[in-house]
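Side chains are part of it too, since the values below use all heavy atoms of this structure and drop only hydrogens, waters and symmetry mates.
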Amino acid sequence: MSEMWLNMGPQHPMTHGLWNLRVKIDGETITEAEPVVGYLHRGWEKLTETRTFPQIIPMADRLCYGASLSWSHCYCLTAEKLLDVEVPERAKYIRTIVLEAQRIGSHLMWLAALGTDLGSYTVFLYPMRERELFLDLMQDLCGARLTYNYPRIGGVRNDVPANFERDFTRVLNHFEKKIPDYEALCDESTVFHMRMDDVGKLTAEQAINLGVTGPNLRGSGVDYDIRRDDPYDAYSQIDFNVCVQKSCDAYARYRVRMDELYESVNIIRQAIKDMPKGPVRVKPPRNAVKGKSDWAHTEDPRGEAFMYIIGNGDDHPYRLKVRSPIFVTVSAAAWMLKGYKVADVPAIMGSVDMCLGETDR
Amino acid sequence: MRTEVGKVEQRQGLAAGGKSGETIAKSMLEKFPNGVKVTSTAANRVNATVDRGLLYKVAEFLKNEMDFEHVTSVSGVDWYPENRMQAVFHITSYANRVTAEIIVDLPRDSPEVDSVTPLWGGANWNERETYDMFGIIFKGHPRLERILTAPGSDYFPYRKDFAGGRRV
Amino acid sequence: MNGLFIFLQGISVWLMSIVGWVFDFITLHGFADWFRSPGVVFFLTNFLAALVVFIVGFLISITFIWEERKILGRLMDRRGTQVGVLGLFQNFADGLKAFIKEIIIPDEVDKWIYDAAPVILIGISCLLIGLIPLSPDFALANLNGGLLLIFAIFSIAPFAILIGGWASNNKYTIMGGMRAAAQLISYEVPLLLSLVGVVILAGSFNLMDIVQAQQQAGVWFIIPQFLGCLVFMVAAIAEVERIPFDLPEAEAELVEGWQTEYGGMRFGLIMLSEYVRGYAASMVAVILFLGGWDGPSFIWPEIWFIIKVFILFAVWIWVRGALMRVTTKQILGIGWKRLMPLALINLGIAIAIKMAGWL
Amino acid sequence: MVERTLKRRNLKPKAYMLRPMAVTLRETINHTRHSPNTVLYPWEKLVIQDGFRGRPGLVIDKCIECGICVRICPTRCIELVEIEWKDQGKIRRPQVNMGRCMVCGYCAEYCPKNAMIIAPDYELAGYSRQDLIYDPIRLQYEDRPGCHIDVIEVKPKDAHNLSIKGYDAKTGNELKDVPEVEDKMCIGCSKCEKVCPTDAVQMVQTGVNEKGRPIKRPKFDEDKCVSCEQCLDNCPKDAIKMKEAK
């Protein structure tokens, strides 16, 4: 049978964001896949070279709009290492709480997108409804819903509002009763298992070698989580499990993220319980040491977020490199897609949780 | 490829039986006495500068003997005032929980270095992006083409001497 | 000559008498007698009957769209349609919008077949409405082989989809068309097998006789033929292409399936035909398994029939809200490996009941 | 590793679609009993808490034309523009180009007098690019404490001293960067004195040069200075540097 190049092109309901998956299909089976990115390239790293250190924080929010806080936090970590600023304890705990709330919000948006891909709009709307609760919490804390501009170099922008603990615990208790609903709609329906089992297989060796990180890696059975193995902020004082699945397919990646929802709720509860008092923000120095370079990596909801920065003696960074987890996971998409049907593409790409803002920078 | 999947001591960077940053740096220096300078080490960090010719051998050594399985990032730096360029490799090892930063100095007029894609597939797109933005040619890369900017454009945008239109 | 025709004959005789009186008035007595002749009256009665049945079927399909959007809305914790009182006028607004929208035809399109596909689809859908009686009095046709003809017409639709998708000269639509053909193979045989069980119990292919059999037996065929009912429901959903078996029009991977290149009123007609076929399928399901217009006599039989049809369609909407879309490989698996054995077992049960003489 | 057995049911599908149908039925009944989640936007609007970051707002009387908001804005969308204002005649106030503004709140955070504040106004649609440019009059918003962003910072050395909450960087002096002049580069042209918006700069005579004319050097008054770096920019010899508060 003659093969045909199919453009699951930049404008396609399956692609969340602008990228083009060129797929060579023989009948309905995929023989070759070639992702094409670059539609959203803004030259982000060149823009940062003309901005001062604090001005880059709201720009870092725009890297991946799904989990904007984890990116501005990763930038603040890097800048703190460069300007060697000590972050107060209370700010570390607030950052951990807010990062985990962002992880829940990002995973809920991923679940909603996966639901539409597989055809059930109910699975789109239920997580989106719960995500609103977390957006309201963040709006209470720092005034914005999507791009927060909340972390600062040396802490966070402002202290938590008055009834922060009560609101958070109330939302978490309600949310924990809602997760079984998603699992009922997904895990306990045979149609979901038909679509997700044994699809998009990626063995542990392949995943590691291809640079896949985060939930996609833990879905292939590799027990590595930056929050536990290279802890930053208050993660070293908090007990939590790293969720790992062994079956290496799209269902495993789904299952890892659903377990992470439970874990994030548990992390937030512990962090709220033993959050110390004290200041939340330290005055950072203006200029960096010339030629000094440093890097930091954090556990983004999509993988390993990494930033490498070089100081230039004044208040601008000389060079700021961003490593986006999805940029590398998309390069591994060809291995995940080979041999499966065109109808499985949304399931596989849905389980990878794409975010094109950070891929193209 | 040794990645034992299982329980790891929490709050200690070291995996059971893993090597710390210092031991890795020492064994690297023994293997490559000249050409490799270790700038600084920590429990889970190794920073080193490597000569251009030695890079592939050092990478192979790290991958096979020292269990470095994952390339975190490959980035280019353009030291325009000093008329030189740098390719910076960040390679992490899951088994030892250690990340190595390897800096390779390159002349600005012919920035070429060996590609590490044959060893780690993860570096594939990072190297393509560094070529796309800086013009650093990675010898041995399976498909060194532009990835983010428009194909067929002849400029390298992240170089310091590339005037990006009005200064926004 | 059931109640509908008698009533309409009265009207058409009265109409023709007026027309005849007008012609008499202008002294053209030849025309007047022709109009009052039984041939013209017979033609007018049939025409009016067809018009009434189509309008009733069309209005019920429109309310199906409204019912689906309202129930799906509540199921997903959002409001359904908002236009007009209770959202009822949303469909007319959509119809008008589709009517006004420009009809864009891509250039390298196989013109004849591209135009023929929607015409075939909407044509056979309306044909189905005519064939299915709402009650002994409200029926257009009372054929002995009614059930066979209905399912023959039902299976034409996938071919219209196939040629429509192929003619649209777009990679996605051709895949949508192919999937419609593949889906037809998977559900057609279990659908007919489950139907044979009912025919054995009722003894005839005539829809009226099937409902009378259920009335005489006093039990709806869903009780003895529960397996058959299950198989029929699953196959009917696949046949009408609703969510669990939504392959030809799969939004996620095929953009809009085979309908991608249709615009304006063509797309409006295709969407309408989807719901009309849904209405026809649920009507057949109600007749076969839920006892058609059999119900306590204080409500007209037609109203009973429509209530049951709405309830059955609500169940299909509920299934649509709860489940996801399957792939072609799996729908063939379900059709052959799951539905076929069940249909055969059901056939065995039907034969056993018939021989034991309970029904 | 904390072994917490996650007490959740084993998630095996039962009878194809029993559980999804049950959950959707329960949700449908719930959402018909009480009204569903939709907010009918133009008629019903969500309640906004204090501190919601809408567009930047301006209190014209409190503004001292220091230009910090112009410098700190990451997308460079603020300019100082001449306007006619009641009795004060021609004054320069910030004008924000909402077409470029990314609502990061920095203008309100770094404004020393809380003249730039954050208005909870999010309906910003306009018919043309010119509509999106908010001149100072249109930028005004009533001065409510909920709209202020106050910066409570702490010195780097007592980051771990849990007792103190921090100093208010806008009013207190502990954390203020004050400019200082390098004697040999300064030519005493008193440009910084003319430019300073809060006239915190006094030209002080520090001696007489060989021709007998007085040598004048600027002296910076710490209380009045708002560290807006106007003097830094306008100094012809770049003689002024900021001395950071350690």
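Contact count against chain C (heavy-atom pairs under 4.5 Å) is highest for A:Leu6 among A:Leu185, A:Asp344, A:Leu6.
For A:Asp140, the salt bridge (Lys or Arg N to Asp or Glu O under 4.0 Å) criterion is met by no residue, not counting sequence neighbours. Scored by the side chain to side chain contact (heavy atoms under 4.5 Å, CB included) test, A:Val171 finds A:Leu133, A:Phe134, A:Leu137 as partners (sequence neighbours excluded). With sequence neighbours excluded, no residue forms a side-chain hydrogen bond (donor to acceptor under 3.5 Å, both in side chains) with C:Tyr187.
For the pair A:Met8 and C:Tyr172, the tightest heavy-atom approach, listed with the atom from each and the gap, is CA-OH, 3.4 Å. Contact between A:Ala343 and C:Arg179 at its shortest, heavy atoms only, is CB-NH2, 3.5 Å.
Taking 4.5 Å as the heavy-atom cut-off, the residues of residues 66-84 of chain C that approach chain A are C:Leu75, C:Met76, C:Asp77, C:Arg78, ordered by number.
Neither the backbone nor the side chain of A:Val345 has a heavy atom closer than 4.5 Å to any heavy atom of chain C. The contact between A:Met4 and chain C is made entirely by side chain atoms (from C-beta outward), counting heavy-atom distances below 4.5 Å.
The local environment of CZ in C:Phe310 is crowded, with over 12 non-hydrogen atoms from other residues, nucleotides or ligands closer than 6.0 Å. For NZ of C:Lys337, the number of neighbouring non-hydrogen atoms (other residues, nucleotides, ligands) closer than 6.0 Å is 12 at most. Heavy atoms from other residues, nucleotides or ligands lying under 6.0 Å from CZ of C:Arg338 number 12 at most.
Of the inter-residue distances, the one linking C:Met175 atom CE with A:Ile25 atom CD1 reads 4.5 Å to the nearest 0.5 angstrom. Remark: C:Gln330 CD to A:His193 NE2 distance equals 12.5 Å, nearest 0.5 Å.
Ionic pairing of A:Glu28 and C:Lys329 is not present here: no N-O contact between side-chain nitrogen and carboxylate oxygen is shorter than 4.0 angstrom.
Side chain of C:Lys171 to backbone of A:Trp5: a donor-acceptor contact under 3.5 angstrom is found.
For the pairing with C:Leu323, the side-chain contact (heavy atoms from CB on, under 4.5 Å) check across A:Thr122, A:Leu118, A:Val191, A:Thr190 returns one residue only, A:Val191.
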Evaluate the side chain to side chain contact (heavy atoms under 4.5 Å, CB included) criterion for residues A:Ser120 and C:Arg320: first the C-alpha distance (whole Å), next the side-chain angles of each, then the deciding distance (0.1 Å), finally the verdict.
-> CA-CA 8 Å; A:Ser120 159; C:Arg320 168 182 178 155; over 6 Å; no
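You'll find the side chain of C:Thr327 stays beyond 4.5 Å of the side chain of A:Met194, heavy atoms only.
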